[in-house]
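Down below is the structure, laid out as structure tokens.
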Number of protein chains: 2
Amino acid sequence: MKETLNANAQAVLEVVRRSHNHPTALEVYEAVRKVRPRIGVASVYRILHSLAQQGLIRELGRSDEACRYDGHIERHDHAICTACGALLDLPVEVRLSEEALRSAAQAAGIELHSHEVRLYGLCTACRQRLQQVESVEG
Amino acid sequence: MKETLNANAQAVLEVVRRSHNHPTALEVYEAVRKVRPRIGVASVYRILHSLAQQGLIRELGRSDEACRYDGHIERHDHAICTACGALLDLPVEVRLSEEALRSAAQAAGIELHSHEVRLYGLCTACRQRLQQVESVEG
DNA sequence: TAGCAGATTGATAATGATTATCATTATTAG
DNA sequence: CTAATAATGATAATCATTATCAATCTGCTA
């Protein structure tokens, strides 16, 4: 059990908090390297897991290729582009009733700690890109 | 564009539909091998992607280590154990309003196709396991 | 029906993310 | 200060997935 953060862990936490685009572990590694050049990948992975376990950052299930991290630890929802895999924070909360959550958790037999709504669809860029392809092919 | 499913694809689809525990691609491969021994991993991956693209199965973002597939293509929600990574289908729907969804999608700038609610917490097994650890350590 | 163009397949190598190993270094207790 | 212990990072190993490519199958034409 580690309570205080050393310089490496501080740097990792800083990077994750400062980046608003859900960096992967390797991206965090590259960024942290600039300020702590001697750090290795293994330590970055170790620190990320440890920070996530302490609730200081959030580990997002990998939607496309690699696991991504989020400095926003307040509960929030996501939108995921089914074409390019982009994972966006929703700026608004999708409201749902406590009662619905509680009964669903009970039905599944789990002790509910948190929840997330995921919206799937096409982001603006992909929508435009696909329309162009259609018009060329069609 | 392929419309008809050949014997390999049929077998893969059968396996995914028959298994009620979100198999990984490798698990599907092992199961399909029993009925089509000459099939290779590459084909299984190809077929899984193709079936998912045709909407015949659903590709679940990898919650723990590997990508998992679901024969249930009707929209449904999931519960995820934060301790062991288990991914469970919710037997009931977590109801939320069309209006809330639509406005959230608009705020994120995506064209909404589907959505999913994810409940995070401890499954029964992990709850018990962790209680035991506590009582031993405490 | 034979022969061929193109698609499909599967064995295998390659890739990319993550984890394990382990010698070295830093930290702490005595 | 020294011994014990924990933390670190370089590197190898692992695991899922993808790319490559020769072999095979498909439908089609002559």
Side-chain angles (χ1 to χ4, degrees), chain A residues 1-16 19 21-54 56-70 82-85 87, chain B residues 1-13 15-16 19 21-54 56-70 83-85 87:
Chain A
M1 253 350 125
K2 132 122 79 78
E3 291 302 326
T4 57
L5 301 182
N6 64 19
N8 281 346
Q10 297 266 5
V12 169
L13 182 54
E14 274 296 289
V15 164
V16 176
S19 52
N21 51 344
H22 307 304
T24 66
L26 276 309
E27 285 164 358
V28 172
Y29 170 61
E30 287 306 330
V32 168
R33 238 139 101 74
K34 300 207 176 106
V35 78
R36 308 232 95 218
R38 305 187 47 84
I39 200 171
V41 268
S43 297
V44 171
Y45 276 99
R46 264 192 299 256
I47 291 167
L48 285 171
H49 287 156
S50 150
L51 292 176
Q53 203 167 350
Q54 292 170 71
L56 295 173
I57 63 175
R58 173 179 271 282
E59 188 168 316
L60 303 172
R62 30 193 133 160
S63 64
D64 45 341
E65 74 299 341
C67 192
R68 292 178 176 278
Y69 292 85
D70 196 339
T82 50
C84 69
L87 180 66
Chain B
M1 253 351 124
K2 134 120 78 75
E3 291 301 327
T4 57
L5 301 181
N6 65 18
N8 280 348
Q10 296 267 4
V12 170
L13 183 54
V15 164
V16 176
S19 51
N21 51 342
H22 308 304
T24 65
L26 276 308
E27 285 164 358
V28 171
Y29 169 63
E30 287 304 330
V32 169
R33 239 138 99 75
K34 299 207 178 106
V35 80
R36 307 232 98 217
R38 305 187 48 84
I39 201 172
V41 268
S43 297
V44 171
Y45 276 98
R46 266 193 296 256
I47 291 168
L48 284 171
H49 288 155
S50 151
L51 292 177
Q53 203 168 350
Q54 292 171 69
L56 295 173
I57 63 175
R58 172 178 271 282
E59 188 168 317
L60 303 173
R62 30 193 134 160
S63 63
D64 45 342
E65 74 298 341
C67 191
R68 292 178 176 278
Y69 292 86
D70 196 336
C84 69
L87 181 66

Legend entry - Nucleotide D:dT17, atom C1' - distance to CD of B:Glu30 in whole Å: 16 Å
Inset, instruction - Measure the distance from CZ on A:Arg33 to C1' on D:dT8 and round it to the nearest whole Å. - result: 15 Å
Inset, instruction - Nearest whole angstrom, please: distance from the C1' of C:dA17 to the CG of A:Leu48. - result: 13 Å
Legend entry - Exercise: identify the closest heavy-atom pair between B:Leu5 and B:Leu51: CD2-CD2, 3.9 Å
Inset, instruction - Give a yes/no answer on whether the side chain of A:Tyr45 brings an N or O atom under 4.0 Å of OP1 or OP2 in C:dT19. - result: no
Inset, instruction - Taking A:Arg68 for its side chain and A:His22 for its backbone only, find out whether a donor-acceptor pair lies under 3.5 Å. - result: yes
Using nucleotides 9-12 of chain D, report all nitrogen or oxygen pairs with the protein that are shorter than 3.5 Å.
from	atom 1	to	atom 2	distance (Å)
D:dG9	OP1	A:Arg38	O	3.4
D:dG9	OP2	A:Asn8	ND2	3.4
D:dG9	OP2	A:Ser43	OG	2.8
D:dG9	O5'	A:Arg38	O	3.2
D:dG9	N7	A:Arg46	NH2	2.6

Inset, instruction - State whether A:Asn6 places a side-chain N or O below 4.0 Å from either non-bridging phosphate oxygen (OP1 or OP2) of D:dT8. - result: yes
Legend entry - Nearest-Å distance for atom pair CG/P, residues B:Leu60 and D:dT17: 12 Å
Legend entry - For atom CG of A:Leu5 and atom P of C:dT27, their distance in whole Å: 15 Å
Inset, instruction - I would like to know whether B:Val16 and B:Asp70 meet side chain to side chain contact (heavy atoms under 4.5 Å, CB included); could you show each step before the answer? - result: CA-CA 6 Å; B:Val16 176; B:Asp70 196 336; 5.9 Å; no
Inset, instruction - Establish, with yes or no, whether the OP1 or OP2 oxygen of D:dT17 is under 4.0 angstrom from a side-chain nitrogen or oxygen of B:His49. - result: no
Inset, instruction - Could you give me the CA-CA distance, side-chain angles and deciding distance for A:Leu48 and A:Tyr29, then say whether side chain to side chain contact (heavy atoms under 4.5 Å, CB included) is met? - result: CA-CA 10 Å; A:Leu48 285 171; A:Tyr29 170 61; over 6 Å; no
Inset, instruction - Could you tell me the separation between the CD1 atom of B:Ile47 and the P atom of D:dT17, rounded to a whole number of Å? - result: 15 Å
Inset, instruction - Spell out, as yes or no, whether a donor-acceptor pair under 3.5 Å connects the side chain of B:Ser19 to the backbone of B:Val15. - result: yes
Legend entry - For A:Arg33, salt bridge (Lys or Arg N to Asp or Glu O under 4.0 Å) partners two or more places apart: A:Glu30
